[in-house]
Amino acid sequence: MAEQGLLTVPHVEEKKKKRPPKRYWEETNTQQSKGGEEPTGEKEKSEEEAEQARGTAKQKQKSPRDGPKPRRRKNEPSFVSRKTDPFPGDKPIPVGKLQKYQRGEQNKVPREAGKKLKEALKSSRSLSELAQKQAARFDVLLPEDAGFLEGEDGEDTCFIAQEDIADAVDLTSGAKYFNLHLSQFGPYRLDYSKTGRHLLLGGRRGHVTCIDWQTKDLMCEVNVMETVNDVKWLHTEAMFAVAQRKWLYIYDSKGVELHCVKKFNDVLRMQFLPYHFLLATASATGFLQYLDVSIGKEIAAIPTKMGRLDVMMQNPYNAVIHLGHTNGTVSLWSPNQREPLVKMLCHRGAVRSLALDKTGTYMVTSGLDRKLKVYDIRAFKPLHSSFLPAGASCLSLSQRGLLSAATGDVVQVYQNVWGSCPVSKPYMAHRVRGQVCGLAFCPFEDVLGIGHGQGFSSMIVPGAGEPNFDALDSNPFRCARQRQEWEVKALLEKLQPELIGMDPNMLSKIDQVGFETRHREQVEALGYDPLQPEKFKPRNRMKGRSSAGSVEKRKKKVAHVDQRDVIKQSVEEKMQRQKELEEKKKECDGGQKSALDRFKK
Amino acid sequence: MKVKVLCRNPDDYVRETTKDLHRVPRNYDPTLHPFEVPREYTRALNATKLERVFAKPFVGSLDGHRDGISCLSKHAKSLSTVISGACDGEIKVWNLPKRECLRTVQAHEGFVRGICSRFCGSSFFTVGDDKTIKQWNMEAPGYGVREEPMNTILGKTVFTGIDHHQRQCTFATCGQTVDIWDEQRSTPILSFSWGVESFSSIRYNPVETELLASCASDRSIVLYDTRESAPLRKVIMQMRSNTICWNPMEAYYFTSANEDYNLYTYDMRNLDAPLTVHMDHVSAVLDVDYSPTGREFVSASFDKTVRIFPKDNGHSREVYHTKRMQHVISVRWSADNKYIMSGSDEMNIRLWKSNASEKLGVLSYQEKAAKNYNKKLMEKFQHHPQVKRIARHRHLPRDVLKQKREQRVMKEARRRKEQNVRKHSKPGSVPIVTEKQKHVVAIVE
């Protein structure tokens, strides 16, 4: 495994001596001597591999029997050259890689399980292990490596100018650093489409434009002649939503107004949940609303009662909406509940910005108290906080975990945000012409988009984007036909808003609610107890036999049954109480304990 | 400064010509595929709905008989041939793919009671109400030649059923006695009787080929070994069994179709209680046949429905009915496990798919993969209430539905009464009898 790093040539060309191709089993000493020169990406890799090698070694030590033992059969044909395979069997997979593909914990076989259940569990476990192994082995075949930036000795990466980077890299990558000078319609909000190909810009004074930013093709450009608060792509690049002064509008990629949704007023921020086809909006009136864009229906309108909502972010792991408030709290919302799922106090002053990572583990917040805090939102615990002299007005997290924070007209990018110590030194920094208003990393690219008062800047941030995309999920190179196919598939798989909750894997877990709890819930929902035995109601009889007296008489006939139950219950309760009393008394009396009492059960 | 920026060459990701397949690079990293479980659940729900949408089990009907179909038989070798007998003594040989009648023979006077094909498929035997056993050539006679049986045996009493040995030239009939015949002789080589009774059905065990099982009118199921001179044992039940069928894969199990609306699967080695009681019919069950895989069986009932049961499940997984189908007298599962034939009172033989939503014909690789994936998903999420509700729902004729409800009420009343009796009598004096034990009266060795 350790040699894979050597085999892959880094993208920046350096003159190298030609070496004979190494086989993966051959030991190499060159790595150590070369270690100092290696770029970080490779260093990381080699560390990882060393760890993995340790892991495998440990495995071997632990159980020589379990490991992939060379299976020799008697009739196994030997090689013509009479050589034996020095590493028989499958190539071991490093532990770390296997862990990456592990889903949940392995189910335990209950001791009292029958033979059939045990067999079924065993076979399902072996199948899932096989799938995990195959996925881990597939890692080698991934075509691209992540980008990186490293200074020469003594050189600080945060002082490297964007122009220098653009000069150093190839032409196509260099073209990803560009500025759009749009000083008229000032500060710009932006959004990249899910595939990362298309960019949507919305100027505060009504300028809305969408661009295929890699080819620099202008798709449309309109002025809506109204204040624009936020812009958002919907599920494809064919439609986008614009939150304007009063209402929410939906345009197509030619700039034609498709809908004006008057149920959504004074929208300040929007988030699109791509798997649920929901557009979540937060308004100045304190309403959090959900619009199902596939059927055009409002799913939920939640009055948050928290005042003006201008900080909003979605958790891509579980589609929960995070709202930041002026009193320093962050609240978590799902469309199924009118109260927040969680409310956490994050800052002394108002919350200015929020960012969430794609695994749904970490949340980064910045507030008016000029602090930058990192939270673990599985445990709702702060990891660390740092003080930024000017405070961050916008935050954004990239797919590979780089954090960008805008303070005034400077954008800083931090690395290792969820390390053990708080961030201190930025990885990169860039100054733009005006106050930063919107920040977003482009998915699957090493690019950070910055919307500011004087237009838009695209900044190269090496190592930000996920190098290998999954074409069935989001394919930046898809053609129109593929997009249509994907749209149909995605609509078929649209998740219902009822499934939004803190744990998206809840559906695969066993509902272990007991009979009592379920019964109690049922009683609450229905308003009566469906299991309660019906009260005796005498049948109506003809010919005067249903007179009040005879009815009472008939009732009396069965009255003792109910009475008997009541008496039985009360007697039982009495007995229980008495028993308890006696026990207590015994305990009190038995103050003098003998030494042998400890063996009593 | 060392720098590398992500830069993808479109040549690696876009197909070269429009004739090519699209390139689909994959990355199985779980973080790139959020909402795995809810998406799978949605897919499972969609698959379940689609399965119900595509559930069109009726393939076609074979009409031509002039009276109710009394018995059906598969050809031993050919998948496309089926032989049917009617209540007017007529026999028809059918070609299934063409859905046409190949031959019509007026074989008996009165009912045709039983048909069985010889193991080599060269001829078949029929028994009828006219006390004869006739052997017919499978090949149709030449043009202008009269249909004549190859062999006719005159019996003393009426025969009600017939079955042929798997490998040898012997066959068994039942009537007032169970007789074992040699094809060459006109008298039975063996004759079993146990008390005065008449038998309604007889079946050879497909694996242990010397074993026989038959249903008698004195509510018993009797087992025989042809190597012995006396019957092995019998189990007497509360109601009469109509037909019996052995499981072809685990041949120690057999299932009997009973008059009390139930089917009973027994283990031959332990007849004390049935292994499973299959309940769902609302009238007498008239015929039963196993699938060649031995995992499921199909039953025909007087309530005008055909039901398919998994072998170890108490309730049916599928029910077939049409507006015009009357009492279903006989039913057979085809040897390729794909179709079910049912013969009913109103003179039609109907052809059904054994899996209602299965697509007929050749499946492409993608279709097969999608089918398997959907099947697995449905299995994974089968216990979720939404999925279960859709998968379980079947439309039933109004009569059947009504009767089903009525019987549920009756059953509940009986249970309540028993509970009350138990409550008001001395503890232990009213034993709890399980559903399985209820129906067995006695076992006689």
Side-chain angles (χ1 to χ4, degrees), chain A residues 10-12 39 41 100-101 103 135 138 142-152 155 157 160 164-165 168-170 172-173 176 275 316-319 358-360 444-446 460 462 465-473 475-477 479 482 492-496 499 504-508, chain B residues 1-18 20-47 49-50 312 366 370 372-374 376-377 379-388 416 420 423-424:
Chain A
H11 195 79
V12 177
K100 181 175 154 193
Y101 292 99
R103 283 161 172 86
F138 188 81
L142 294 176
E144 305 278 347
D145 292 323
F148 58 84
L149 172 68
E150 235 191 33
E152 305 284 333
E155 190 185 9
T157 50
I160 298 175
D164 295 344
I165 295 177
V169 296
D170 55 325
T172 357
S173 305
K176 286 171 188 171
Y275 294 98
Y317 170 70
N318 54 13
K358 67 170 178 176
T359 59
F444 307 112
E445 289 290 346
D446 283 346
I460 299 176
E466 172 68 42
N468 298 296
F469 58 86
D470 191 300
L472 291 189
D473 196 58
N475 184 358
F477 293 96
C479 62
Q482 276 177 306
L492 275 175
E493 271 165 34
K494 188 186 97 168
L495 302 183
Q496 290 307 311
L499 299 180
N505 297 333
M506 206 58 172
L507 269 177
S508 66
Chain B
M1 176 179 68
K2 276 180 190 167
V3 63
K4 186 204 162 210
V5 177
L6 261 183
C7 181
R8 299 191 186 87
N9 187 355
D11 291 348
D12 299 340
Y13 295 95
V14 180
R15 58 179 179 177
E16 280 171 15
T17 67
T18 47
D20 272 349
L21 293 175
H22 283 293
R23 290 198 177 142
V24 184
R26 300 299 310 272
N27 185 356
Y28 298 109
D29 189 351
T31 54
L32 285 182
H33 301 272
F35 304 106
E36 259 178 353
V37 175
R39 278 162 84 190
E40 274 192 349
Y41 170 76
T42 314
R43 282 179 199 160
L45 199 63
N46 286 345
K49 285 176 186 169
L50 284 182
D312 43 13
Q366 286 93 334
N372 289 340
Y373 180 60
N374 284 342
K376 192 72 196 170
L377 281 182
E379 187 195 318
K380 184 175 173 186
F381 290 97
Q382 62 185 337
H383 298 297
H384 282 257
Q386 285 292 317
V387 177
K388 196 159 82 182
R416 202 170 50 229
N420 284 343
K423 202 157 92 184
H424 295 288

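In what follows, chains carry the letters A, B, and so on, assigned in the order in which the sequence lines appear, proteins first and then strands, with residues in each chain numbered from 1.
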Between B:Leu32 and A:Glu466, does the side-chain contact (heavy atoms from CB on, under 4.5 Å) criterion hold? Intermediate values first, please. CA-CA 9 Å; B:Leu32 285 182; A:Glu466 172 68 42; 4.1 Å; yes
Working note: A:Lys100 + B:Tyr28, criterion side-chain contact (heavy atoms from CB on, under 4.5 Å); need CA distance, chi angles, decisive distance, verdict. CA-CA 10 Å; A:Lys100 181 175 154 193; B:Tyr28 298 109; over 6 Å; no
Drop me the distance from [X]'s [atom1] to [Y]'s [atom2], to the nearest 0.5 angstrom.
X	Y	atom1	atom2	answer
A:Asp470	B:His33	CG	NE2	3.5 Å
B:Thr42	A:Glu493	OG1	CD	7.5 Å
A:Leu149	B:Lys4	CG	NZ	13.0 Å
A:Lys358	B:Asp29	NZ	CG	5.5 Å
B:Tyr41	A:Met506	OH	CE	14.0 Å
B:Asn27	A:Phe444	CG	CZ	8.5 Å

Are B:Phe35 and A:Tyr317 an aromatic pair by the rule of ring centers under 6.0 Å?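 Distance test on ring centres: not under 6.0 Å, no.
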Non-hydrogen atoms of chain B under 4.5 Å away: do they reach the side chain of [X], the backbone, both or neither?
X	answer
A:Lys176	side chain
A:Leu142	side chain
A:Asn468	both
A:Leu507	both
A:Ala319	both
A:Pro143	side chain

Quick one: what part of [X] sits under 4.5 Å from any heavy atom of chain A, side chain, backbone, both or neither?
X	value
B:Val24	both
B:Arg39	both
B:Arg15	neither
B:His384	side chain

Quick one: do A:Leu472 and B:Arg26 satisfy side-chain contact (heavy atoms from CB on, under 4.5 Å)? Show the steps, please. CA-CA 7 Å; A:Leu472 291 189; B:Arg26 300 299 310 272; 3.3 Å; yes
Is there a side-chain contact between [X] and [Y], using heavy atoms and a 4.5 Å cut-off?
X	Y	value
A:Phe477	B:Arg23	no
B:Pro30	A:Arg103	yes
A:Glu144	B:Cys7	no

Treating A:Asp446 as the side-chain partner and B:Val5 as the backbone partner, does any N or O pair qualify as donor plus acceptor under 3.5 Å?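 Judged by distance alone, no pair lies under 3.5 Å.
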If you apply the rule side-chain contact (heavy atoms from CB on, under 4.5 Å), what do you find for A:Glu155 with B:Met1, and how did you get there? CA-CA 8 Å; A:Glu155 190 185 9; B:Met1 176 179 68; 4.1 Å; yes
Chain B contacts, top residue of [options] (heavy-atom pairs, under 4.5 Å):
options	result
A:Gln482, A:Lys494, A:Gln496	A:Gln482
A:Ile160, A:Thr359, A:Thr172	A:Ile160
A:Ser508, A:Gly147, A:Pro467	A:Pro467
A:Ile165, A:Asn505, A:Leu495	A:Leu495

Charged N-O contact under 4.0 Å between B:Lys2 and A:Glu152: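 Salt bridge flag = no for A:Glu152 with B:Lys2.
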Of all heavy-atom pairs between A:Pro504 and B:Val37, which one has the smallest distance, and what is that distance?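 Looking at all heavy atoms of both residues, the shortest contact is O-CB, 4.2 Å.
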